[in-house]
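In what follows, a single structure is set out as structure tokens and then discussed.
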Amino acid sequence: MAARMLWASRAAGYLRISVPHRGFATVLKDLKYCDSHEWAKVEGSSATVGITDHAQDHLGDVVYVELPEVGASVTQGEGFGAVESVKATSDINSPVSGKVVEVNEELSNSPGLINSSPYEQGWIIKVDISDAGQLNNLMDADKYSKFCEEEDAKH
Amino acid sequence: MTIPQSQKIGRPLMKLIRLRGWPILQQLHIEEQLLRTSSENWCIINDGTRKPTIVMGVSGKPAELLEIKPVLHDQVPVIKRFTGGGTVIVDSGTIFVTFICNKDAVPDLQPYPRPIMSWSSLIYNEVFQGTGNFHLRENDYVFGNLKFGGNAQSITKGRWIHHTSFLWDYEIRNMAYLKLPSRAPEYRSARDHLEFICRMKDYISRSDFIDRTIRTLGTHFSVEPEELEAIQSVPSTKFSPSSRLLATQEIESALFKVESPKSLACSLSP
């Protein structure tokens, strides 16, 4: 058991995946996170945005995604779209401010990509960032893992 | 119905609005406004809505969920609401109960669909104690395996809404406007509407249900009545509700979607 855990943590390190000690949710090391469980992959002045593994796990099977229009403005911490799961719509909040330059149209036909591939094929929007300074408000992977653990431990 | 002052200590405040026969679209607009612009906890009880109305969830597609021809012929209004979930037809026999809460209003409750749904079932377990064989079955309120209450939610960053339409009574002919949905709970077992649902009035009176609900809420919250006029007199200029009445053309175009595969098949057949 200990040898398997050691192998798993080495593999996780190689793949740049951080697996929380007690939880099941995956957290990727190179991404930034906000406390409403969205992630941002920042590349230069652009960011790709989605919801985390922790979020998709708690939401349940996603059956519909409400996407913004290309060209819409997004503001850090504010809603830009929604997912429907179980019988609920849940707001998706933007981790960055800027302009939407692309939306993931695949989600209209395959909303379940958010569950099966929250960090890859389940990406939701791409944004031209208007205020790079706001990225300092986001958590790195370790902080976010801890945040999730603390949140789950409270309930 | 008063709660002794001593019992109110330590419980979060919840404002209670009681309506009767209020149009469902206006109720949805009030609810969305309170969810998005208020920082208080609310319970809204609307005892019936005057006009029979179809209400679909945010992702509902008329072509898939409705018998379009009779809906158009009988001019039944169709609303798309801001919350998730399925399609219902509501009328004067429907009792609506809505909870709108801050995410910390209920201790230890995670603001996600399933925990909120479970919490709501605890409330109604108390309401229906000794009445019928009540439970939450998948996401419906049932007596045994017969549905009498449908639920839907919307969750924002710091708040959530959970609202229920209770079938205190219903008209059999109204159920004919609704198709069997492709996304149905397993326990439905492909039963058609009339075999799947039951009337609450066979179990409890209207006034008893409403009184018991308010009394139960009072053991979890400090409930204070509020007049609707108090909310309506403070219009929120930033807010625009998303629940809307579908235009006739939208429903007619759904008929075209339903019929065009059939006419294509006819034209291709020898």
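Throughout, a chain's letter reflects where its sequence line sits, starting with A, and its residues are numbered from 1.
- Using a 4.5 Å cut-off between heavy atoms, Arg159(B) does not touch chain A at all.
- Glu78(A) does not touch chain B: none of its heavy atoms, backbone or side chain, sits under 4.5 Å away.
- A donor-acceptor contact shorter than 3.5 Å links the side chain of Glu84(A) to the backbone of Gly85(B).
- Nearest heavy atom pair, residue Glu66(A) against residue Val58(B), reads OE2-CG2, 3.5 Å.
- Taking all atoms of both residues into account, the shortest heavy-atom contact from His58(A) to Arg114(B) is O-NH2, 3.5 Å.
- Contacts of Ile116(B) with chain A are absent, with no heavy-atom separation under 4.5 Å from either backbone or side chain.
- Smallest separation of non-hydrogen atoms from Lys87(A) and Asp140(B): NZ-OD1, 3.6 Å.
- Taken from OG in Ser90(A) to CH2 in Trp160(B), the straight-line distance is 13.0 Å, to the nearest 0.5 Å.
- Taking a 6.0 Å sphere around CD of Gln121(A), one finds it holds 12 or fewer heavy atoms contributed by other residues, nucleotides or ligands.
- Taking 4.5 Å as the limit, every side-chain heavy atom of Asp91(A) sits out of range of all side-chain heavy atoms of Lys157(B).
- The candidate with the highest count of non-hydrogen atom pairs below 4.5 Å against chain A, out of His162(B), Met117(B), Glu138(B), Arg36(B), is Arg36(B).
- We find the CD1-OG distance between Ile155(B) and Ser85(A) to be 7.0 Å, quoted to the nearest 0.5 Å.
- Contact check for Thr89(A) versus Arg81(B): no side-chain heavy atoms found under the 4.5 Å cut-off.
- The candidate from Asn93(A), Asp35(A), Val63(A) with the greatest count of non-hydrogen atom pairs under 4.5 Å with chain B is Val63(A).
- With respect to the salt-bridge test (charged N to carboxylate O, under 4.0 angstrom), the residues Arg183(B) and Asp61(A) do not qualify.
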